[in-house]
**Student:** 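Submitted below is the structure of interest, expressed as structure tokens.
Every chain is numbered from 1, with letters handed out A, B, ... down the list of sequences. We use all heavy atoms of the structure for the numbers below, so side chains are in, but hydrogens, waters and symmetry mates are not. Since the structure is predicted, the reported quantities are computational estimates derived from the model, not experimental observations.
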Amino acid sequence: MKSQLTPVRIETAQGTFTAFFSDKGLAQLDFPAQKTESCHRSTLAPSSPPPAKIRLWTRQTRAALDAIFAGQKCSERPPLDWSAGTPFQKRVWSILTSIPAGRTLSYGEIAEKLKSPAAARAVGGACGANPIPVIVPCHRVLAANRKLGGFSGGLDWKRKLLAAENVVDLSS
DNA sequence: CACTCGATCAGCG
DNA sequence: CGCTGATCGAGTG
């Protein structure tokens, strides 16, 4: 059975995010679209599925987002569906979720945790491929010299999120 | 399989 | 600062 994704709008203090749920959990999270009104995707889940679990996951996702925006640790988090990722990416993402709020790691440090010290650049690639930003805190990964590095959703988001966690160590 | 490209990093001028 | 080479995973043909 092809786990088609169910899009759900999630409103937060930072804008309206779009979550995509598979039958396993949260599979993707998009930043608020500027003005893109193209939600013309086929109306999935037409009638019968009263997705109780979707509603639960939505609530958990919103709670996690709110907590992160407040610089707190997200105690409640929906199940994450990483089935689309490669084994390497899953290992990287797994480490990302273990970074506590307010802490940062460098790409190289994550590579060391993977016991592949030279794979720093590959780690960067895995972070960029992360389908669930914010909740999988890819924004807590900086370059080795404490510089910002990059961010798929736009560097302003990365700054914003880090500022919320009182990380101001950015030596630009 | 060969080749290219990155959200890297350390070294050197 | 800015440039260069080394290295690794992933995508492409």
Side-chain angles (χ1 to χ4, degrees), chain A residues 2-5 7 10 12-22 24-36 38 41 61 64-74 77-172:
Chain A
K2 201 95 152 97
S3 58
Q4 57 183 358
L5 300 182
I10 297 185
T12 75
Q14 303 300 323
T16 302
F17 284 64
T18 306
F20 294 86
F21 295 102
S22 71
K24 290 185 174 181
L26 179 59
Q28 185 180 346
L29 185 66
D30 287 355
F31 285 99
Q34 282 299 338
K35 270 300 181 185
T36 327
S38 57
R41 204 61 175 176
T61 301
L65 288 176
D66 287 342
I68 291 174
F69 292 149
Q72 299 167 0
K73 178 180 181 179
C74 49
R77 189 159 48 193
L80 306 178
D81 182 3
W82 287 340
S83 55
T86 67
F88 178 81
Q89 289 169 341
K90 291 176 188 174
R91 283 198 292 278
V92 172
W93 300 339
S94 172
I95 289 179
L96 293 186
T97 58
S98 75
I99 306 178
R103 291 272 312 196
T104 63
L105 289 180
S106 71
Y107 298 95
E109 285 175 308
I110 293 179
E112 285 186 12
K113 284 179 177 262
L114 292 173
K115 293 171 183 170
S116 304
R121 201 161 181 186
V123 169
C127 289
N130 169 27
I132 314 174
V134 186
I135 292 186
V136 175
C138 46
H139 59 278
R140 298 187 188 135
V141 185
L142 307 179
N145 44 3
R146 306 276 182 182
K147 289 194 185 310
L148 251 188
F151 196 63
S152 46
L155 280 176
D156 44 341
W157 273 108
K158 191 168 185 176
R159 287 198 202 98
K160 206 171 197 174
L161 292 165
L162 290 173
E165 300 181 2
N166 291 322
V167 177
V168 214
D169 192 20
L170 312 176
S171 64
S172 75

**Student:** Evaluate A/V141 against A/V123 for side chain to side chain contact (heavy atoms under 4.5 Å, CB included), listing each step before the verdict.
**Tutor:** CA-CA 10 Å; A/V141 185; A/V123 169; 5.5 Å; no
**Student:** Starting from C1' on B/dA7, measure out to CG on A/D156 and report it in whole angstrom.
**Tutor:** 14 Å
**Student:** Give a yes or no answer on whether the side chain of A/R91 reaches the backbone of A/L114 with a donor-acceptor pair at less than 3.5 Å.
**Tutor:** no
**Student:** Going by purine N1 to pyrimidine N3 plus the second Watson-Crick contact, or the G-U wobble pair, all under 3.5 Å, which nucleotide sits opposite C/dA6?
**Tutor:** B/dT8
**Student:** Contact class for A/F88 vs. all strands (heavy atom < 4.0 Å): base, sugar-phosphate, or nothing?
**Tutor:** sugar-phosphate
**Student:** State which of C/dA10, B/dA7, B/dC9 makes the closest approach to the side chain of A/T86.
**Tutor:** C/dA10
**Student:** For A/S106, which contact category applies under a 4.0 Å heavy-atom criterion: base, sugar-phosphate, or nothing?
**Tutor:** sugar-phosphate
**Student:** Rounding to an integer number of Å, can you tell me how far A/K115 NZ sits from C/dG9 P?
**Tutor:** 15 Å
**Student:** So, does A/W93 use its side chain to make a donor-acceptor pair with the main chain of A/A129 at under 3.5 Å?
**Tutor:** no
**Student:** Starting at NZ of A/K113 and ending at C1' of B/dT8, how long is that distance when rounded to a whole Å?
**Tutor:** 18 Å
**Student:** Does any residue of residues 118-129 of chain A have a heavy atom under 4.0 Å from DNA chain C, and if so, which ones, in number order?
**Tutor:** A/A118, A/A119, A/R121, A/A122
**Student:** Can you check whether A/I95's main-chain N or O pairs, donor with acceptor, with A/K113's side chain at less than 3.5 Å?
**Tutor:** no
**Student:** Return the value, rounded to whole Å, for the distance between atom CG of A/L162 and atom P of B/dA7.
**Tutor:** 17 Å
**Student:** Whole Å only: how far is the CG atom of A/L114 from the P atom of C/dG9?
**Tutor:** 10 Å
**Student:** A/E165 pairs by side-chain hydrogen bond (donor to acceptor under 3.5 Å, both in side chains) with which of A/H139, A/Q72, A/K73?
**Tutor:** A/H139
**Student:** Starting from C1' on B/dT8, measure out to CG on A/N145 and report it in whole angstrom.
**Tutor:** 10 Å
**Student:** Distance check needed: B/dA10 P versus A/Y107 OH, whole Å only.
**Tutor:** 14 Å
**Student:** Taking all atoms of both residues into account, what is the closest heavy-atom pair of A/W157 and A/G153, and its distance?
**Tutor:** CD1-O, 3.3 Å
**Student:** Let me know the distance between NZ of A/K158 and C1' of B/dA7, rounded to the nearest Å.
**Tutor:** 6 Å
**Student:** Does any N or O in the side chain of A/K160 come within less than 3.5 Å of the main-chain N or O of A/F69, such that one atom is a donor and the other an acceptor?
**Tutor:** no
